[in-house]
Amino acid sequence: TSRRHIFCVVGVTAATVVPFLSWTARAEAEEASSCETAEDLTAVMARARSLYGSGRLPEAEDILVRAADAATAASTSTSTSSSCRGLDDTEKNATTLPQLLKLLGDVRVDSYRYAEAVESYSDAIALNRQGPAAPGAHFGRANAHEGLAAAAAAAAAEATTKADGGGLDSTSSSSSSSSLSLTTEERRQYELAVDDYTRCLKLRPDGDDAATPTFERAQAERALGKWSAAAADYDAAAELFIRRRLKKEAKIAEAQAAF
């Protein structure tokens, strides 16, 4: 599945993650030296977003990884060359590099490499826990945890199928349909997702985009069988969607709360 990020948000369903961004040629990224890539992280992100938006995820990931590595090496070096000296700017690294790592996490989520995405988002958060990239990194990491929960459910279902000799009974066919049937790993990942959605909302409690992380948290709470918390979040999300004149999304949230 894929998700389109609204800020610290992405879509309206708990199992979706959607890419965005416009498109440019890869040649520009290949022509840049490692020093140039490290120096102008904003330009690197623009190129990566272009590749990302066109579905060229491996290429987008490649230039993001190279830029992140170069920036990290330059910022920790005691003998940075004059042409790369801009990377020593602490403020730049505290803002732009976390945004680049957050974007790398987005690319990895859309590549279904959730564990690596968690690492990228965690690195972004660690660099600046209160910075502009932090809410989106928490939201993205929550998405990745849900992806890992789904992967754990699929693995459990496959194991059950093999144990049953290839057949599925009514209880093993949907390991994530009920909180009672969650594996330990699924439960752990959903708990982590709830925590990250909460952290996202704490960083942007009054943001116009608070509706989506609130809705997504409700979805994870529902998966965990936390019905009261889920219902409260669905209701809150519905109200927030209405404020933004998103009637369709508000109706979905209201329907989920009633369920």
Side-chain angles (χ1 to χ4, degrees), residues 1-21 45 48-49 52-53 55 57 60-61 64 98-127 129 131-155 176 182-183 185-204 207 209-224 226 229-230 233-234 237 240-241 246 249 252-253 256:
T1 58
S2 59
R3 270 191 183 167
R4 189 169 302 275
H5 293 250
I6 301 174
F7 157 68
C8 70
V9 303
V10 185
V12 220
T13 61
T16 62
V17 183
V18 187
F20 57 103
L21 322 163
M45 285 190 287
R49 288 189 180 105
Y52 181 18
L57 301 182
E61 180 175 6
L64 289 169
Q99 291 171 342
L100 184 146
L101 290 167
K102 185 266 182 190
L103 178 57
L104 177 59
D106 296 344
V107 171
R108 286 174 167 172
V109 162
D110 280 358
S111 299
Y112 308 105
R113 289 168 37 224
Y114 301 115
E116 291 172 89
V118 167
E119 291 180 5
S120 297
Y121 290 128
S122 297
D123 288 343
I125 293 166
L127 284 172
R129 297 184 183 279
H138 278 295
F139 187 89
R141 192 167 68 177
N143 295 167
H145 283 308
E146 289 180 304
L148 288 170
S176 61
L182 291 178
T183 65
E185 181 61 11
E186 284 177 86
R187 182 172 294 279
R188 186 177 78 88
Q189 295 296 341
Y190 278 123
E191 292 282 7
L192 289 169
V194 169
D195 181 68
D196 268 320
Y197 287 131
T198 299
R199 290 173 185 273
C200 171
L201 288 165
K202 284 181 177 179
L203 288 169
R204 291 283 293 176
D209 48 12
T212 302
T214 301
F215 180 92
E216 298 285 8
R217 185 172 65 181
Q219 295 282 73
E221 289 165 338
R222 176 178 170 178
L224 290 165
K226 297 182 177 181
D233 271 344
Y234 282 132
L240 290 166
F241 280 131
L246 297 173
E249 288 82 354
I252 292 173
Q256 293 283 46

Task: Criterion side-chain contact (heavy atoms from CB on, under 4.5 Å) on Arg222 and Tyr234, from CA distance to verdict - done: CA-CA 10 Å; Arg222 176 178 170 178; Tyr234 282 132; 3.5 Å; yes
Could you grab the distance from atom [atom1] of [X] to atom [atom2] of [Y], nearest 0.5 Å is fine?
X	Y	atom1	atom2	answer
Leu64	Tyr52	CG	OH	10.5 Å
Tyr121	His138	OH	NE2	12.5 Å
Arg49	Asp106	CZ	CG	9.0 Å
Ser111	Leu57	OG	CG	4.0 Å
Gln256	Phe215	CD	CZ	5.0 Å
Leu148	Glu186	CG	CD	11.0 Å

Task: Sequence-distant partners of Thr214, side chain to side chain donor-acceptor pair (under 3.5 Å), two or more places apart - done: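 Once residues adjacent in sequence are excluded, Thr214 has no partner under the side chain to side chain donor-acceptor pair (under 3.5 Å) criterion.
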Write down the atom of [X], the atom of [Y], and the distance for their closest heavy-atom approach.
X	Y	answer
Val107	Ala60	CG2-CB, 4.3 Å
Ala193	Ala220	CB-CB, 4.5 Å
Ala144	Val109	CB-CG2, 4.1 Å
Ala211	Leu240	CB-CB, 3.5 Å

Open item on the list: Test salt bridge (Lys or Arg N to Asp or Glu O under 4.0 Å) on Glu61 and Arg113; report intermediate values, then the result.
Closed with: CA-CA 12 Å; Glu61 180 175 6; Arg113 289 168 37 224; 2.6 Å; yes
TODO: Using the test side-chain contact (heavy atoms from CB on, under 4.5 Å), find all partners of Glu185 that sit at least two apart in sequence or belong to another chain.
DONE: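 Counting only residues at least two positions away or on another chain, Glu185 forms a side-chain contact (heavy atoms from CB on, under 4.5 Å) with Ala152, Thr183, Arg188, Gln189.
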- [ ] Would you kindly say whether Tyr190 and Glu221 are connected by a side-chain donor-acceptor distance under 3.5 Å?
- [x] no
Open item on the list: For the residue pair Glu146 / Tyr197, report whether a side-chain donor-acceptor contact shorter than 3.5 Å exists.
Closed with: yes
Open item on the list: Quick check: do Thr212 and Phe139 have side-chain heavy atoms less than 4.5 Å from each other?
Closed with: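 The answer is yes; the side chains approach within 4.5 Å.
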TODO: Hey, could you give me each pair passing salt bridge (charged side-chain N to carboxylate O under 4.0 Å, His left out) that has a residue in residues 190-200? Not counting sequence neighbours.
DONE: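 The answer is Arg141-Asp196, Glu191-Lys226, Asp195-Arg199.
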